[in-house]
Peer 1: 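Pasting a structure here, questions to come.
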Amino acid sequence: MLRLETILCTFSVLSVAARADFKARNCSEVREACVGKGFSFTQVPHLEIPGEHLRICPQGNTCCTLEMEDKFGQQSKQDFENLVDEMSHELRTTFVSRHKRFDEFFLELLENTERSLNEMFVRTYGKPYMQNSEVFENLFAELKRYYTGGNVNLEEMLNDFWSRLLERMFTLLNSQYVITEDYLECISKYTDQLKPFGDVPRKLKAQVTRAFIAARTFVQGLSVGREVAQRVSKVSSTPACIRALTKMLYCTFCRGMPAVKPCKNYCLNVMKGCLANQADLDPEWNQYIDAMLLVAQRLEGPFNIESVMEPIDVKISEAIMNMQDNSAQVSYRVFQGCGQPKPAGITRSARGVSDVFNARFRPYSPEERPTTAAGTSLDRLRIVWSTMQHSVVDIKEKLKLSKKFWSNLPEAMCVEDRVTAGNASDEDCWNGHTKGRYFPEVQKDGLTNQVNNPEVSVDITRPDTFIRQQIMALRVMTNKLKNAYNGNDIYFQDSSDEGSGSGSGSGCTEVCPTYMDGADATEIPVVKADRSGPVGDSASLYAPSVALPAMLALSALALHRQWR
């Protein structure tokens with residue numbers, strides 16, 4: 001009995017001591033911290049209370065009510081989403097601004113090129129050109145539509161345009177004959193053999209095609225990067241993540257030490273668990289960045305737009321002179337293959353070939369250009385190109401910095417000035433239970449590596465379907481970028497298209513050869529348009545490929561002859 005009384009007495013003394021210690025600890029610092037954070041709780045305890053009601057934070061003596069813990073949970077979710085948004089802001093704005101800048105520069109480059117050619121042809125051919133300038137306007141409209149991702153087969157568009165012009169040109173050159181539609185069909189069979197522009201189209205074709213392919217794919221790549229960055233940065237927090245965030249960010253309030261920051265390794269485990277799916281985006285993101293950098297090389301190398309656009313007048317001159325020199329031979333070879341057409345009336349036949357076009361276009365010399373209208377336009381073209389080149393260099397540097405962004409995100413977030421207390425071994429930090437060192441090992445990146453995450457319960461068997469969609473978008477874009485780097489045309493589906501369609505281009509399935517400027521340049525294989533049906537072995541089935549400048553020259557020549 002005496003022993004029982006002694007035990008009861010001792011227990012009573014300990015209880016009184018505990019109550020005295022309990023009453024001595026107040027929550028004034030917590031109240032001040034809550035006001036500083038903008039919380040408007042109906043009641044914050046003045047003194048610690050028992051914490052059996054808490055569902056996330058430790059259930060010892062606490063300064064938190066259930067209402068406070070619930071609001072801390074809501075605020076943790078908001079804080080996390082805001083932090084991800086802040087950390088990805090520069091990445092997102094980089095893609096938005098660089099996409100806009102490159103797109104504007106390239107479209108301005110196209111407009112200035114068209115303006116320069118227009119001024120040149122007005123000076124050279126005058127009224128006949130001005131009355132038919134829509135021929136060129138339509139061509140540039142199609143090139144613009146191709147660049148902006150429209151369902152335009154670049155090869156077929158250029159080939160068809162060339163075939164129509166050749167047929168029209170032949171009619172003008174042989175106005176003393178009646179040229180029927182059937183005869184024009186026959187002419188198209190011999191296009192590859194005729195080569196009215198000599199070797200100019202072959203040399204320019206690779207440059208023109210690859211320059212437009214590279215530019216279009218590059219701007220599409222920037223668009224995809226922009227969309228993926230914007231979508232992935234809008235995180236969707238799981239309940240398990242929100243619990244872990246609440247415990248890390250606000251349970252210090254409940255423990256009466258709101259100024260204590262989380263330990264760094266503790267923060268890393270929480271963030272790696274919450275951002276596990278985002279980290280899985282990183283491998284595909286890095287491959288996408290590498291492919292973008294490859295295509296950027298094309299925009300700077302021998303197939304850049306400047307090498308195609310700036311000397312376009314000289315190339316047109318060469319093409320026109322070739323056509324002049326070969327016109328009689330072209331007609332003779334067509335007559336051999338398709339037969340002699342019927343003579344026209346005396347009015348038409350009286351106009352000989354020599355009367356159709358007897359002027360030779362002379363290219364401007366560098367000394368003449370600054371004082372001419374075309375020179376002024378060319379100066380504008382050079383200014384736009386120079387600005388665009390600087391833009392490409394800037395984009396490349398920004399792309400390099402964005403590699404490994406998603407896997408590095410937890411490390412970037414868990415820094416002293418944002419979330420953590422600083423050094424990973426610091427003992428004056430919150431470890432999820434009390435102030436002290438955090439001992440668990442930091443988990444690796446990605447979903448499958450979170451199976452033993454001590455802070456966040458992650459279901460590794462259920463990947464985030466939204467993130468997987470972004471991974472697939474990057475994978476598709478990376479494949480298109482690699483094709484573009486190899487000189488292959490690519491297909492971007494129009495919103496009006498319902499079928500899968502087929503891409504234009506070389507048909508290369510693996511790595512295609514690199515094409516260099518000069519006599520040794522190798523022509524890109526093409527998907528050709530069948531216009532005539534089966535013919536004999538000696539004739540080609542298809543219309544030829546032709547570079548843009550050569551086509552422009554032929555069109556101008558045809559127009560000039562028509563109104564002589």
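Below, all heavy atoms of this structure are taken into account, side chains as well, without hydrogens, waters or symmetry copies.
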Peer 1: Which residues pass the side-chain contact (heavy atoms from CB on, under 4.5 Å) test with Asn408, sequence neighbours left out?
Peer 2: Lys404
Peer 1: For Tyr147, give me all partners under ring pair (Phe, Tyr, Trp, His ring centres under 6.0 Å), at least two apart in sequence or on another chain.
Peer 2: Phe106
Peer 1: Start with the C-alpha gap between Lys264 and Glu411, add the side-chain angles, then the distance that decides, and say whether salt bridge (charged side-chain N to carboxylate O under 4.0 Å, His left out) holds.
Peer 2: CA-CA 9 Å; Lys264 181 175 181 179; Glu411 186 75 35; 2.8 Å; yes
Peer 1: With Phe218, which residues qualify under ring pair (Phe, Tyr, Trp, His ring centres under 6.0 Å), at least two apart?
Peer 2: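 Phe102.
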Peer 1: Are Trp406 and Tyr288, when compared by the centres of their aromatic rings, separated by less than 6.0 Å?
Peer 2: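 Not close enough - the centres of the two rings lie 6.0 Å or further apart.
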Peer 1: If a pair satisfies salt bridge (Lys or Arg N to Asp or Glu O under 4.0 Å) and one of its residues is in residues 445-459, list it, with sequence neighbours excluded.
Peer 2: Lys272-Asp445
Peer 1: Checking side-chain polar atoms at under 3.5 Å, does Ser88 have a donor or acceptor matched by the opposite partner on Arg92?
Peer 2: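 Yes, because at least one side-chain N or O of Ser88 sits under 3.5 Å from a partner of the opposite role on Arg92.
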Peer 1: Residues in side-chain contact (heavy atoms from CB on, under 4.5 Å) with Pro463, at least two apart?
Peer 2: Asn277, Leu447, Arg468
Peer 1: May I ask you to check whether over 12 heavy atoms, not counting those of Glu90, lie within 6.0 Å of atom CD?
Peer 2: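 Open.
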Peer 1: Within the 3.5 Å criterion, strictly below it, is a donor on Arg226 or Ser223 matched to an acceptor on the partner's side chain?
Peer 2: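 Short answer, yes.
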Peer 1: Strictly by salt bridge (Lys or Arg N to Asp or Glu O under 4.0 Å), give each pair with a member in residues 228-244 just once, sequence neighbours left out.
Peer 2: Asp85-Lys234, Glu227-Arg231
Peer 1: Can any side-chain N or O of Asn453 pair as donor or acceptor with the backbone N or O of Asn269 at less than 3.5 Å?
Peer 2: yes
Peer 1: Please identify which of these residues, Asn479, Leu474, Leu481, meets the side chain to side chain contact (heavy atoms under 4.5 Å, CB included) condition with Met477.
Peer 2: Leu481
